[in-house]
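This report refers to the structure that appears directly beneath it.
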Amino acid sequence: MEEKLVKEIPAKSENLSQWYIEVIRKAELADYAPMKGMMVIRPAGYAIWENIQRLLDKRFKETGHVNAYFPLFIPESFLKKEAEHVEGFAPEVAWVTRGGSEELQEPLAVRPTSEAIICAMYSKWVRSWRDLPLLINQWANVVRWEKVTRPFLRTTEFLWQEGHTVHASFEDAQEEVLRILGIYQDFIEKELAIKVYAGRKSDREKFAGALYTYTVEALMPDGKALQAGTSHNLGQNFSKAFEIRFEDRDQKLKYAWQTSWGVSTRLIGATVMVHGDDDGLVLPPKVAPHQVVIVPIFKARDKDKVLSVGEKLHADLKGRFRTVYDSREEYTPGWKFAEWELRGVPLRIEIGPRDLEKNQAVFVRRDTREKFPVPLDEVVHRAEEVLEEIQRDLFKRSEDFTRENTREAKDYEEFREILEERRGFVVAPWCGREECELKVKEETKATIRLIPPEGESVEGKKCIVCGRPAKHVVYFARSY
RNA sequence: CGGGGCGUGGCUCAGCCUGGUUAGAGCGCCUGCUUCGGGAGCAGGAGGUCGGUGGUUCGAAUCCACUCGCCCCGACCA
């Protein structure tokens, strides 16, 4: 039994919810603002977001997308143009009804998502098939008046990116939707080291106003699923509501086909939950604000020697990795170890008198706590390898956990038993009827998280609930 | 939005039930010295008006009402 090194954080395995909140505050990722459901993203948290932005934005640009920025406010009449859309979002929209001392003629919604305002602009910009595809993304904040909030996972205001594209055909739009879904999956698995399943949402769970919604879903340590990103095929629903038409090669005027897609600061929450441990954050090297921390260890008599080697190490490392050199003298090495572990720095490099004698440094992995000596002239090279190993191992662990907690249910009794006692994903055949979906939700609190891509045959399979012939084999889970 | 719990120096909490001296502790913080390979030791010091508002009372952290915020359960949630 390993000794717990950080005080005042509840054990992750015993109380995930408390652990999560405490870690976020103690590691200074975020703090509560004085208004309900709102938080301040502190520098340590924002640095993760900046890394997410950088790595995702690169992928968007590589696939032909450009960034723009649309207004925060949406006139009420615009929001109302697409019927399903307004119905879906109405309960959680914040309104501005006054400007200065004057009542507004028309209330302005604080965007809960930007389809309405963006489509209004697109209807002005799209005229010809030559204008398509239109591939725009924006990094922005949105506001949703949620009843239950939790830092990063569900807050009143949050940061995200939302892509909004316009295409000449259903096929083009569908291709875009799946391309983005692929980017999300690749990004989350490679950079955040979180295993996700990708698939389509049931009609009940899809985005308000979409034809189809695709999703990537991750499994949290308590066995509940978290929607990590969505990509919607909007069909012509919005183009008809907002009159986005183009004249095609055949000289016919056609309504455009659209998509929208997004991931949010919720990804930070997922990263914290999936990888953290009882001593605090464990951050994947690719998005960690600091990838390496160098801690020099010295007594008065070897201070100069150790510090000069430490500085040399720092100089060698800082060009390659996000490195912090913690040479503060007011804290002891032990204190620093605990502090940087709490903050999730993937690799710690210790350098002390004993190491100098052997011309080495000591590496300590945050994820495994594995400690091993590295010759001084191999530090940079080994650091690179170790960071890659950590990144890989974190994903492996997430993948193993997710697979181990993905089970097939033979019958409804077993289905309920799994969701009650072990949770995780339960894979089962479904007839496609909302009635059965609702029954499952009522009786187990689980919903259909996704319908996987076609492939597996449903020949001879029967709905886990009603026994009718199955249309799909789907993934159920309780969710955040 | 319904049920429950909780707001006291930066943090974790005691005090409240049974109102009454200058509101306490540990950690953290500041100063000095000694330390430094897993959250160092000693000495001295600073810091709170008890979430907010109103009420009861000679007197309120303590009792009452309202209100803001946080946590848990439920409802809701693309």
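Throughout, protein chains are lettered first and strands after them, A, B, ... in sequence-line order, and every chain is numbered starting at 1. Bear in mind that the values here come from a model prediction, so they are computed numbers and not experimental data.
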### side chain to side chain contact (heavy atoms under 4.5 Å, CB included) involving A/Val274 - partner list, sequence neighbours excluded
A/Ile194, A/Met220, A/Ser398
### Task
Return the value, rounded to whole Å, for the distance between atom NZ of A/Lys371 and atom P of B/G38.
7 Å
### Task
Kindly state which residues belonging to residues 296-314 of chain A come within less than 4.0 angstrom of RNA chain B, counting heavy atoms of the residue only, listed by number.
A/Ile297, A/Phe298, A/Lys299
#### Entry: Aromatic A/Tyr480 / basic A/Lys224 pairing, under 6.0 angstrom, 45° off normal
yes
### Sidechain N-carboxylate O distance under 4.0 Å for A/Glu341, A/Lys336
no
### Query
According to a strict under-4.0 Å criterion, is A/Tyr331 in side-chain N/O contact with OP1 or OP2 of B/G28?
no
### Query
Looking at the side chain of A/Lys441, which of B/C29, B/G37, B/C76 is the nearest nucleotide?
B/C76
### Task
Go through B/C29, B/G37, B/C77 for me and flag the one nearest to the A/Val362 side chain.
B/G37
### Query
Say you pick atom C1' in B/C66 and the same atom in B/U21; how far apart are they, in whole Å?
32 Å
### Task
Would you indicate whether the side-chain heavy atoms of A/Trp160 and A/Glu162 approach each other to under 4.5 Å?
yes
### Query
Who passes salt bridge (Lys or Arg N to Asp or Glu O under 4.0 Å) against A/Glu189, sequence neighbours left out?
A/Lys195
#### Entry: Nucleotide of B/G38, B/C76, B/G39 approaching A/Glu341 most closely (side-chain heavy atoms)
B/G38
### Query
Counting distance only, does the side-chain N/O of A/Ser308 pair as donor-acceptor with the main-chain N or O of A/Lys305 below 3.5 Å?
yes
## Note on the structure
Among B/C77, B/G38, B/G37, the one nearest any side-chain atom of A/Arg154 is B/C77
Grab the N/O contacts between the protein and nucleotides 6-9 of chain B below 3.5 Å, and write none if there aren't any.
none

## Note on the structure
Considering only heavy side-chain atoms of A/Arg348, the closest of B/C1, B/G38, B/C11 is B/G38
### Message
With a 4.0 Å cut-off on N to O distance, would you call A/Asp222 and A/Arg478 a salt bridge?
### Response
no
Hey, can you pull the donor-acceptor pairs under 3.5 Å for the side chains in residues 293-302 of chain A, sequence neighbours left out?
from     : atom 1 : to       : atom 2 : distance (Å)
A/Asp302 : OD1    : A/Lys299 : N      : 2.9

### Message
I want to know whether A/Trp139 and A/Trp49 have ring centres closer than 6.0 Å.
### Response
yes
### Query
Roughly, in whole Å, what's the span from CD in A/Glu357 to C1' in B/G37?
12 Å
### Query
For B/C36, does either OP1 or OP2 sit under 4.0 Å from a side-chain N or O belonging to A/Thr332?
no
### Query
Is the Lys NZ or Arg CZ of A/Arg348 less than 6.0 Å from the centre of A/Phe337's six-membered ring, within 45° of the axis?
yes
### Minimum-distance nucleotide (side-chain atoms of A/Pro333 versus B/G38, B/C77, B/C36)
B/C36
### Message
Would you say the ring centers of A/His164 and A/Tyr122 fall short of 6.0 Å from each other?
### Response
no
### Summary
The residue, A/Glu146 or A/Phe337, whose nearest nucleotide of RNA chain B is more 5′ is A/Phe337
### Query
Whom does B/U31 pair with, Watson-Crick or G-U wobble, provided both distances fall under 3.5 Å?
B/A43
### Task
Would you give a per-nucleotide map of nucleotides 66-73 of chain B, 5' to 3', where B means the base has a protein non-hydrogen atom under 4.0 Å away, S means only the sugar-phosphate does, and - means neither?
---SSSS-
### Query
Is a donor on one side and an acceptor on the other found under 3.5 Å between the side chain of A/Arg449 and the backbone of A/Gly199?
no
